[in-house]
Participant: 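Pasting a structure here, questions to come.
What you see is a predicted model, and the numbers here were worked out from it, not measured in a lab. Chain letters run A, B, ... following the sequence lines, proteins first and then strands; every chain starts at 1. Note: hydrogens, waters and symmetry copies are ignored here, and every other heavy atom, side chains too, is used.
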Protein chains: 2
Amino acid sequence: MRLSSMADYAVVAMRAAALHCGGTRTNAAEIAAETGLPAPTVQKLVSRLGQAGLLNSVRGSGGGFRLARPAAAITLADIVEAIEGPIAMTTCATDTGDCAIEGTCGARPHWPQVNRAIRGALEQITLAQLAQEEVAA
Amino acid sequence: MRLSSMADYAVVAMRAAALHCGGTRTNAAEIAAETGLPAPTVQKLVSRLGQAGLLNSVRGSGGGFRLARPAAAITLADIVEAIEGPIAMTTCATDTGDCAIEGTCGARPHWPQVNRAIRGALEQITLAQLAQEEVAA
DNA sequence: CCTAATCGGAGCGATTCGTTCCGATTAGGC
DNA sequence: GCCTAATCGGAACGAATCGCTCCGATTAGG
């Protein structure tokens, strides 16, 4: 019920990237300096975020990355899924057959409902909202 | 973003306990047999759940435990908090001062809002709903 | 008073997570 | 056209948490 540190840092890093909203490319070192996160960790984060399609990255000298979509079109659910994989409370919701009590688990049919509720809550928070200084009422 | 196996099992165990709704005491071994969970694990679960006040346990020969409240008055949030502690996406939401980037973390003011949304989603699911065979629309 | 059964807490092993380092790739300068 | 420098991408190591199991404390029943 607590998201991993990597996902936590990813949100912070994405917020920092969003503050470069003018379309100017930034790089991992700059994000690390602005956020105070360890530089290698930021590198790993942008790598994962790039694979997920949230960041467009350019390699080589003078390269860097920028948001692939407007900040308003990126939600917390997108960022969390990019780092942690599908949002699911239980393993049985995504994988099949690896649960020993699958046969007798009467709670299983109810998990999709819970997952939808959680995911819906995260989809309502956009990166644009997080980029604001003040918290919305 | 994925709850621990212990919390997952706790939900299954609590559901099994709720099926003994007639007020009859059950014991850890019985729950283990019904759910297929390892008996020692069930013992640890009921211990934690008893401390949290969700189960009333009676020790000694012929002892056991039963729900401390009606199933409709126990929510997923209660069970998860009993096993995993306070529901919080980030550590900075509960603890203070242990975050290295606390000063520069602009995302921090927004986390309470997220936490409330998640917790609200879990509070809407009661143990009585989980005890039903069919999933509610 | 003794025995048996159950809850409660402590210890160990395994898996995952987080961090760090090194290689592959590409733009810029000579 | 070639070389250099800078950046992303993936792989390996160490640490911490989590999950499982065993043993002791407590209490009802005989």
Side-chain angles (χ1 to χ4, degrees), chain A residues 1-13 17 24-33 35-66 68 80 82-85 88-91 95 98-101, chain B residues 1-13 17 24-33 35-66 68 80 82-85 90-91 95 98-101:
Chain A
M1 204 53 236
R2 185 166 301 181
L3 50 79
S4 63
S5 300
M6 294 298 276
D8 186 358
Y9 295 161
V11 174
V12 176
T24 61
R25 275 194 308 241
T26 182
N27 55 26
E30 192 171 5
I31 294 293
T35 58
L37 298 173
T41 298
V42 175
Q43 282 192 357
K44 188 169 185 56
L45 284 174
V46 297
S47 177
R48 299 281 291 273
L49 293 168
Q51 288 180 354
L54 297 180
L55 293 176
N56 284 336
S57 62
V58 177
R59 291 166 60 157
S61 175
F65 53 85
R66 58 179 170 76
V80 172
I83 301 298
E84 296 192 347
M89 294 284 101
T90 58
T91 55
D95 306 333
D98 60 345
C99 181
I101 65 172
Chain B
M1 205 52 235
R2 183 166 303 182
L3 50 79
S4 63
S5 299
M6 293 299 276
D8 186 359
Y9 293 163
V11 174
V12 177
T24 60
R25 274 194 309 239
T26 182
N27 57 25
E30 192 171 4
I31 294 293
T35 59
L37 298 174
T41 298
V42 175
Q43 282 192 358
K44 189 169 186 57
L45 284 174
V46 297
S47 176
R48 298 282 290 275
L49 293 168
Q51 287 179 353
L54 297 180
L55 293 177
N56 283 337
S57 62
V58 176
R59 290 166 58 158
S61 176
F65 53 85
R66 56 179 172 76
V80 172
I83 301 298
E84 296 193 347
T90 58
T91 55
D95 306 333
D98 61 344
C99 180
I101 66 172

Participant: Could you state the interatomic distance from CD1 (A:I83) to OH (A:Y9), rounded to the nearest 0.5 Å?
Facilitator: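 Result: 13.0 Å between the selected atoms.
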Participant: Between B:G62 and A:G60, which is nearer to the 5' end of DNA chain C once each is assigned its nearest nucleotide?
Facilitator: B:G62
Participant: Counting only heavy atoms and a strict 4.0 angstrom limit, can you tell me which residues of residues 44-51 of chain B come near DNA chain D?
Facilitator: B:K44
Participant: Taking only side-chain nitrogens and oxygens of B:S5, does any of them come within less than 4.0 Å of OP1 or OP2 of D:dC18?
Facilitator: no
Participant: Roughly how far, to the nearest 0.5 Å, is CG of A:L54 from CG of A:L45?
Facilitator: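 Going from the CG atom of A:L45 to the CG atom of A:L54 covers 11.5 Å.
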Participant: Expressed in angstrom and rounded to an integer, what is the separation of B:E84 atom CD from D:dC18 atom P?
Facilitator: 8 Å
Participant: In whole angstrom, give the distance that lies between atom CZ of A:R66 and atom C1' of D:dC8.
Facilitator: 16 Å
Participant: Round to the nearest Å and state the distance from B:L55 atom CG to C:dT6 atom P.
Facilitator: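 Answer to the nearest Å: 16 Å.
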Participant: Side chain of B:N27, heavy atoms from C-beta onward: which of C:dC7, D:dC20, D:dC8 has the nearest atom to it?
Facilitator: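 The nucleotide sitting nearest to the side chain is C:dC7.
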Participant: In this structure, how many angstroms lie between the P atom of D:dG10 and the CD atom of A:Q43, rounded?
Facilitator: 13 Å
Participant: Looking at B:S57, does any N or O in its side chain come under 4.0 Å of the phosphate oxygens OP1/OP2 on C:dG8?
Facilitator: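 Answer is yes, contact under 4.0 Å.
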Participant: Rounded to the nearest 0.5 Å, what separation is found between the CG atom of A:L49 and the NZ atom of A:K44?
Facilitator: 11.0 Å
Participant: Could you pick out which residue, A:V58 or B:P40, lies toward the 5' side of DNA chain C when each is mapped onto its nearest nucleotide?
Facilitator: B:P40
Participant: With the side chain of A:M6 defined as its heavy atoms from C-beta on, choose the nearest nucleotide among C:dA4, C:dT19, D:dT7.
Facilitator: C:dT19
Participant: Just wondering, do B:M1 and A:R2 contact through their side chains at under 4.5 Å, heavy atoms?
Facilitator: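 They are not in contact (no side-chain heavy atoms under 4.5 Å apart), so the answer is no.
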Participant: Could you report the tightest heavy-atom contact between A:A32 and A:A39, atom names first, then the distance?
Facilitator: CB-CA, 3.8 Å
Participant: Once you apply a heavy-atom cut-off of 4.0 Å, does B:A29 come out as touching a base, just sugar-phosphate, or nothing?
Facilitator: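 Answer is nothing: B:A29 stays at 4.0 Å or more from every strand.
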Participant: Nearest-Å distance, CZ (A:R25) to P (D:dT7)?
Facilitator: 11 Å
Participant: Testing the basics here: between A:N27 and A:F65, what is the closest heavy-atom pair and its distance to 0.1 Å?
Facilitator: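 Smallest heavy-atom distance, with atoms named: C-CE2, 3.5 Å.
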Participant: Considering heavy-atom distances to DNA chain D, does B:L3 or A:G64 have its closest nucleotide positioned more toward the 5' end?
Facilitator: A:G64
Participant: Take B:R66 and B:V58, measure what side-chain contact (heavy atoms from CB on, under 4.5 Å) needs, and give me the verdict at the end.
Facilitator: CA-CA 9 Å; B:R66 56 179 172 76; B:V58 176; over 6 Å; no
Participant: Between A:D8 and A:L3, does a side-chain contact (heavy atoms from CB on, under 4.5 Å) hold up when you go through it step by step?
Facilitator: CA-CA 7 Å; A:D8 186 358; A:L3 50 79; 3.7 Å; yes
Participant: Using atom OH of B:Y9 as one end and atom P of D:dC18 as the other, report the distance to the nearest whole Å.
Facilitator: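 Computing the B:Y9:OH to D:dC18:P distance gives 15 Å.
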Participant: D:dT17 P sits how many Å from B:I83 CD1, rounded?
Facilitator: 18 Å
Participant: Go through it in stages, so that I can follow the logic: the residues are B:I31 and B:L37, the test is side-chain contact (heavy atoms from CB on, under 4.5 Å), and I'd like the CA-CA distance, side-chain angles, deciding distance and then a yes or no.
Facilitator: CA-CA 8 Å; B:I31 294 293; B:L37 298 174; 5.6 Å; no
Participant: Could you work out which one of C:dG8, C:dT19, D:dC20 sits closest to the side chain of A:T41?
Facilitator: C:dT19
Participant: I need the CZ-C1' distance between A:F65 and C:dT25, as an integer number of Å.
Facilitator: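 Interatomic distance, CZ of A:F65 to C1' of C:dT25: 17 Å.
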Participant: Kindly compute the distance separating CZ (A:R25) from CG (A:L55), expressed to the nearest 0.5 Å.
Facilitator: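 Spacing of CZ (A:R25) from CG (A:L55) equals 13.0 Å.
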Participant: Looking at five pairs on each end of the helix from C:dC1-D:dG30 to C:dC30-D:dG1, what is the angle between the two axes, given to 10 degrees?
Facilitator: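 For the helix from C:dC1-D:dG30 to C:dC30-D:dG1, the axes at either end differ by 10°.
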Participant: Looking only at the side chain of A:R59 (C-beta and beyond, no hydrogens), which of the listed nucleotides D:dG19, C:dC17, C:dT25 gets closest?
Facilitator: C:dT25
